[in-house]
There are 2 protein chains.
Amino acid sequence: MTAVQNRIAAPRQAVSQVASIRRALLAQIAQGLPEDGRLPAERQLSEQFATTRITLREALLQLEADGVLYREERRGWFVAPPRLHYDPTARGYFERMVREQSRIPHTRLLHVESMAATPTIAALLDIEPLAPVYMIRRARSIDGRRVLFVEHYLNSACFPHFERFGDKALSRSLTELYRRYYDIEYGRVRFEITPAALPELPARVLKVAAGSPALYVQRVNADQHGRWIDCDLEYWRQDAIKVCIEA
Amino acid sequence: MTAVQNRIAAPRQAVSQVASIRRALLAQIAQGLPEDGRLPAERQLSEQFATTRITLREALLQLEADGVLYREERRGWFVAPPRLHYDPTARGYFERMVREQSRIPHTRLLHVESMAATPTIAALLDIEPLAPVYMIRRARSIDGRRVLFVEHYLNSACFPHFERFGDKALSRSLTELYRRYYDIEYGRVRFEITPAALPELPARVLKVAAGSPALYVQRVNADQHGRWIDCDLEYWRQDAIKVCIEA
DNA sequence: TAGTGGTCTAGACCACTGA
DNA sequence: CAGTGGTCTAGACCACTAA
């Protein structure tokens, strides 16, 4: 076997301060230091590590990128709970998926309206632009922590009299509702996953600073007859999930 | 239809400086300002926007998180090319996938060795810890830009006399090599996708600062007989791909 | 060697959270 | 209200890239 060693240059500097702070924090976390999962204040930590808040923050941000820590806006830094295993090919049932992993789900309805499809939505659902759709915005939590902001767009043509459903029904599983009232089961699915910076609205809902990194998942769902019936635009807290797929 | 409006609080402040710089940069980029895709220096930009480098950098970092810009370490900021559509269920053929999207692929072999499986690798391949595996590290580029650092681990038991292959063979498609010399085709696949901060080595290879956000993809591949034959640990430049799946 | 980003200092004020 | 993170200033030195 030919050795193709040393093509990668050696490290350029000993160890950056940020790197060693990061390591120290990881060690502290591994020891389970913060009882309630909450870290000491940034100012306190920066003092402890004899550095600036900016530098300390850099280390925290990297741990956030790694999914080890997360923030709640102006509340503080917390140790991230284990990631939810999320299989986007298993449709519907956010609630069931969460419960199966011994966690407690919660869904909150934020907004619902009947509107005309934007060009993007029309393309996804394969309908005419301006065709009527229902838009539903929801926030979903795991163990009391907001992890997902989602906009559902339903092709109105597939869901006559959808207006009749109240807040309560729309805070529960849509999958269930489809089956019960429309005899619709999910069929094929298409989806895309991209890292993205959080726009204003999802950021507010997830209690995160706008522009923070997140995972954006866009799904289009067909029913058992192959019609594209709805699509979901999902913004996940980046540390909250691990996408797991078998094929 | 019940109106569940205004549950989301109004914006807390007018517009942050970072947000407006971000918008201004986006507008400039949309106009195609940087000829070669390269942005002016940070110091120059911070002067142009009458702000500090730190603040300016914050805006750049958010655009990076969004996949609009990317960095090369100590070289500068660049406008990100379109994302590669990456379907992890279509195995092998990085090269073909890239060419089909009218881009130019390149693979560089970094390192190859025969070693004992670590506990993680052993678990993935369903073999005994310390069982022999081949490890291959490669860097892959699109249109001359490094986008992927990957470690392949091959179950040695499935690939007798693998040592005979030289650098050249290992810089090409493994899929091809499997088929040609071992009569092995890919079968099932399992994979996981998580956002992650770049460790030292992949960062160096991708010419990015360590700790930068990236997309981590871990895949385990079976052959036509259902044996787990190899696994890939992939670190992608976060802006380089859009994961697209149909099921 | 000049110019770049990477890292770091030592502060400051503000908007918001929670008691 | 005190305390938190969010944002911002005005510098500095270093390691590296590219010419």
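Just so you know, these numbers use all the heavy atoms, side chains as well, and skip hydrogens, waters and symmetry mates. In what follows, chains are A, B, ... by sequence order, proteins preceding strands, each numbered from 1.
- Looking at heavy-atom distances under 4.0 Å, Gln17(B) makes contact with sugar-phosphate atoms alone, never a base.
- Rounded to an integer number of Å, the gap from CD of Glu42(A) to P of dA10(C) is 17 Å.
- Between Arg53(A) atom CZ and dT9(C) atom P there is a gap of 14 Å when expressed in whole angstrom units.
- In this structure, Leu60(A) atom CG and dT7(D) atom C1' are separated by 16 Å, rounded to whole Å.
- The nearest whole Å value for the distance from the CG atom in Leu45(A) to the C1' atom in dG3(D) is 14 Å.
- Looking at Glu47(B) and Arg43(B), no side-chain N of the basic residue comes within less than 4.0 Å of a carboxylate O on the acidic one, giving no salt bridge.
- A straight line from CZ of Arg74(A) to C1' of dT7(D) spans 8 Å, rounded to a whole angstrom.
- For the OP1/OP2 pair of dT9(C) and a distance below 4.0 Å, the side-chain nitrogens and oxygens of Thr55(A) include at least one atom meeting the criterion.
- The pair Arg137(A)-Glu151(A) meets the salt-bridge criterion, since a charged nitrogen lies less than 4.0 angstrom from a carboxylate oxygen.
- If you measure from atom CD of Glu73(A) to atom P of dC14(C), you get 18 Å, rounded to the nearest angstrom.
- The nucleotide whose nearest atom lies closest to any side-chain atom of Arg75(A) is, among dG18(C), dG6(C), dT9(D), dG18(C).
- The side chain of Arg43(A) approaches dT4(D) more closely than any other nucleotide in the set dT4(D), dT9(C), dG5(C).
- Taking the six-membered ring where the residue is Trp, Tyr70(A) and Phe78(A) present parallel rings, their angle staying beneath 30° rather than reaching 60°.
- In this structure, Phe78(A) places its CZ atom 9 Å from P of dG5(D), rounding to the nearest Å.
- Residue Arg57(B) places its side chain closer to dT7(C) than to any other of dG5(D), dT17(D), dT7(C).
- Residues Arg71(B) and Thr51(A) both approach DNA chain C. Their nearest nucleotides, taken by heavy-atom distance, put Arg71(B) toward the 5′ side.
- Relative ring orientation between Phe149(B) and Tyr235(B) is described as tilted, the plane-to-plane angle lying within the 30° to 60° band.
- In this structure, Glu95(A) pairs ionically with Arg99(A), as a charged nitrogen and a carboxylate oxygen lie closer than 4.0 Å.
- Between Arg204(A) atom CZ and dT17(C) atom C1' the separation is 17 Å, expressed in whole Å.
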